[in-house]
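Computation of the quantities below employed the complete heavy-atom set of this structure, encompassing side-chain atoms and omitting hydrogens, waters and symmetry-equivalent molecules.
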Number of protein chains: 2
Amino acid sequence: MYSPYANVSERELAPPSLAISTVIFALRRDGDTGRPELWLPLVRRIREPYRDRWALPGGPLAARESLQDAAARNLADTTGLTPRYLEQLYAFGGPERSPSPRVVSIVYWALVQPDEAALARESDNVRWFRADAVGELAFDHNTIVDYALWRLRNKTEYGQAAYAFLGELFTLAQLREVYEAVLGRELDPGNFRRQLRATPQISATEHYLAGGRHRPPRLYRYTPDPDMVPGPVPSTPQRSTE
Amino acid sequence: MYSPYANVSERELAPPSLAISTVIFALRRDGDTGRPELWLPLVRRIREPYRDRWALPGGPLAARESLQDAAARNLADTTGLTPRYLEQLYAFGGPERSPSPRVVSIVYWALVQPDEAALARESDNVRWFRADAVGELAFDHNTIVDYALWRLRNKTEYGQAAYAFLGELFTLAQLREVYEAVLGRELDPGNFRRQLRATPQISATEHYLAGGRHRPPRLYRYTPDPDMVPGPVPSTPQRSTE
DNA sequence: TCAAAAGTGTTACTTATACACCCATGT
DNA sequence: ACATGGGTGTATAAGTAACACTTTTGA
């Protein structure tokens with residue numbers, strides 16, 4: 001029989017089980033101020049442990065599925081949405097994170113654009129929360145959410161994500177609002193414009209957003225740089241015989 | 001029976017097995033130029049698939065062990081060394097990365113200071129390679145090594161790692177050599193000094209390195225900033241009753 | 001015509017880079 | 001004394017932040 005680790009002594013009694021979880025971020029406008037804020041969907045646990053606590057959407061890994069596909073499936077199952085951005089966050093596997101049967105979770109984080117249908121999916125067991133007010137979650141999921149927020153802010157600072165919250169065309173003011181919502185501070189419109197115009201991935205179109213109360217702003221488009229995909233890139237030409 | 005994912009339909013036939021692998025970097029001086037270079041140890045596979053190919057050290061996760069402890073154990077098993085720096089790299093789990101029984105690998109990367117004993121551990125099945133000349137490895141391990149190198153260069157650029165290659169006390173020239181070896185380019189000694197003296201984690205001592213052929217350089221010490229530990233930090237006061 | 005947001009210009013300030021120069025020590 | 005690496009000073013460039021200003025639209 002083939003065993004991939006036959007060169008190492010087998011130390012395990014019950015092998016830890018593997019799960020994929022996903023932190024899903026979306027932007028929703030506050031009713032009062034009209035400013036966008038970060039929200040994320042959680043699911044209610046219907047079993048012990050942590051019964052009735054809110055938790056990150058997750059599940060097992062299907063047989064022929066990549067880790068990333070499994071995360072995308074989590075996302076579709078709980079929100080019906082397709083991710084605009086999806087990246088691996090971290091693998092959590094401490095023996096103390098779950099009572100009794102050990103679970104190693106590989107966690108992804110995603111950015112989506114919620115539409116009406118997606119938000120309406122709320123039910124008794126699925127609910128959207130403001131990212132800074134999720135309450136006490138099951139397992140170590142508070143740690144995971146905090147870490148995902150930290151990564152989002154970093155990615156935004158270096159200009160990698162953020163676009164994923166917007167449609168194909170957007171004004172620089174909309175993009176700035178996203179930055180402000182994620183970073184939690186205001187940015188100077190003039191300087192923001194200059195920095196973004198210096199970014200090669202952002203290109204101006206000839207379209208303008210009409211219907212506003214004031215001067216119509218120009219619309220821009222984001223063209224992702226293929227060299228900037230997150231995570232590792234298959235480097236060695238993986239046997240190009242196929 | 002309790003099952004942590006009973007709220008999701010069970011889709012798997014054979015659950016993927018889980019492994020921990022570790023990319024271990026060390027600095028060795030080149031015999032000719034005397035300049036430090038990046039090396040890493042690999043182990044020879046003694047079974048199919050990829051029999052006789054070189055691969056990253058790795059193994060299964062023991063029952064009561066954290067992911068990080070498992071990586072440290074890999075390291076001790078193959079080199080006898082203790083990591084000075086150890087951080088999670090990425091979880092690799094594509095269904096195509098290994099023939100037949102699927103393996104999800106959680107990969108760590110480590111920095112060590114090799115001593116005589118560790119280097120002498122070389123055998124028919126364990127050998128050190130220059131990081132830029134590892135040849136064709138088993139599985140997707142070339143991708144993993146490349147990604148680990150990329151992360152090392154990033155961490156070094158932002159000044160997080162690098163110290164781990166050195167002893168408790170070091171001269172700025174030694175530290176600069178480490179940077180140069182990792183980044184693969186020369187740095188201006190004057191500017192390097194200024195930048196490092198502006199870093200609060202680096203403090204000057206009153207000791208000097210005597211015995212050199214020239215003016216004795218001052219020795220410095222690195223005091224890690226507890227706020228800068230890599231990876232997620234347990235945030236919610238994890239039930240402080242214990 | 002006026003409010004409000006789009007968009008531009010200018011200046012101060014911080015940080016990076018290149019490189020000339022002085023200092024201290026073993027040979 | 002002198003070669004060599006340790007260590008300092010300085011001029012320039014490049015990027016960041018603050019903020020005053022002009023432009024264009026809808027009401």
Side-chain angles (χ1 to χ4, degrees), chain A residues 29 32-36 153-154 156-160 162 166-167 169-222, chain B residues 29-30 33-36 153-154 156-160 162 166-167 169-222:
Chain A
R29 290 196 175 272
D32 297 332
T33 68
R35 290 150 87 102
R153 297 202 168 105
N154 262 267
T156 304
E157 208 118 38
Y158 297 133
Q160 303 298 301
L166 298 166
L169 299 179
F170 49 86
T171 70
L172 289 185
Q174 287 169 343
L175 184 56
R176 179 165 49 80
E177 278 189 314
V178 173
Y179 270 71
E180 289 175 342
V182 171
L183 299 179
R185 67 166 190 272
E186 306 213 324
L187 300 172
D188 182 279
N191 296 333
F192 185 79
R193 147 177 308 278
R194 249 187 304 273
Q195 285 168 19
L196 274 273
R197 298 216 57 157
T199 308
Q201 287 95 44
I202 304 278
S203 48
T205 71
E206 290 310 314
H207 302 104
Y208 293 83
L209 180 62
R213 282 187 302 286
H214 306 293
R215 172 175 175 178
R218 185 187 284 268
L219 290 168
Y220 292 79
R221 170 182 279 114
Y222 175 68
Chain B
R29 288 194 177 275
D30 180 67
T33 69
R35 291 151 89 100
R153 298 204 167 104
N154 261 268
T156 303
E157 207 120 38
Y158 298 134
Q160 303 300 300
L166 298 166
L169 298 179
F170 48 87
T171 70
L172 290 186
Q174 287 169 342
L175 183 56
R176 181 167 47 81
E177 278 189 316
V178 173
Y179 271 70
E180 289 175 343
V182 170
L183 299 179
R185 67 165 191 269
E186 305 214 322
L187 301 173
D188 182 283
N191 296 334
F192 185 80
R193 147 178 307 278
R194 248 187 306 273
Q195 285 168 20
L196 275 271
R197 298 214 58 153
T199 307
Q201 287 95 45
I202 303 279
S203 48
T205 70
E206 290 312 312
H207 302 105
Y208 293 81
L209 180 62
R213 281 187 303 284
H214 305 293
R215 174 177 174 179
R218 186 187 284 268
L219 289 167
Y220 292 80
R221 170 182 282 115
Y222 175 68

Partner residues of Phe170(B) under the ring-ring contact (aromatic ring centres under 6.0 Å, His included) criterion, sequence neighbours left out: none

Set of side chain to side chain donor-acceptor pair (under 3.5 Å) partners for Glu177(A), sequence neighbours left out: Arg29(A)

Selection: residues 193-215 of chain A, any non-hydrogen atom under 4.0 Å of DNA chain C: Arg193(A), Arg194(A), His214(A), Arg215(A)

Sequence-distant partners of Arg221(A), side chain to side chain contact (heavy atoms under 4.5 Å, CB included), two or more places apart: Glu168(A), Leu169(A), Ser203(A), Thr205(A), Thr223(A)

Rounded distance [0.5 Å steps], CD in Gln174(B) versus OH in Tyr220(B): 12.0 Å

Those residues that, when tested against Arg194(A), pass side chain to side chain donor-acceptor pair (under 3.5 Å) (two or more places apart): Asn191(A)

Side-chain heavy-atom pair Ile202(A), Arg197(A) within 4.5 angstrom cut-off: no

Arg215(A): side chain to side chain donor-acceptor pair (under 3.5 Å) partners, not counting sequence neighbours: none

All side chain to side chain contact (heavy atoms under 4.5 Å, CB included) counterparts of Arg213(B), not counting sequence neighbours: none

Interface limits on DNA chain C, where chain B has a heavy atom under 4.0 Å of a nucleotide atom: dT17(C) to dG26(C)

Any donor-acceptor pair under 3.5 Å from Gln160(B) side chain to Tyr158(B) backbone: yes

Terminal contacting nucleotides, 5' and 3', DNA chain D versus chain A (heavy atom, 4.0 Å): dA17(D) to dG26(D)

Those residues that, when tested against Tyr222(A), pass side chain to side chain donor-acceptor pair (under 3.5 Å) (two or more places apart): none

For Tyr179(B), ring-ring contact (aromatic ring centres under 6.0 Å, His included) partners two or more places apart: Phe192(B)

From CA spacing to verdict: salt bridge (Lys or Arg N to Asp or Glu O under 4.0 Å), Glu180(B), Arg176(B): CA-CA 6 Å; Glu180(B) 289 175 343; Arg176(B) 181 167 47 81; 3.4 Å; yes

Contacting residues from residues 170-189 of chain A, given that a heavy atom lies under 4.0 angstrom of DNA chain C: Ala173(A)

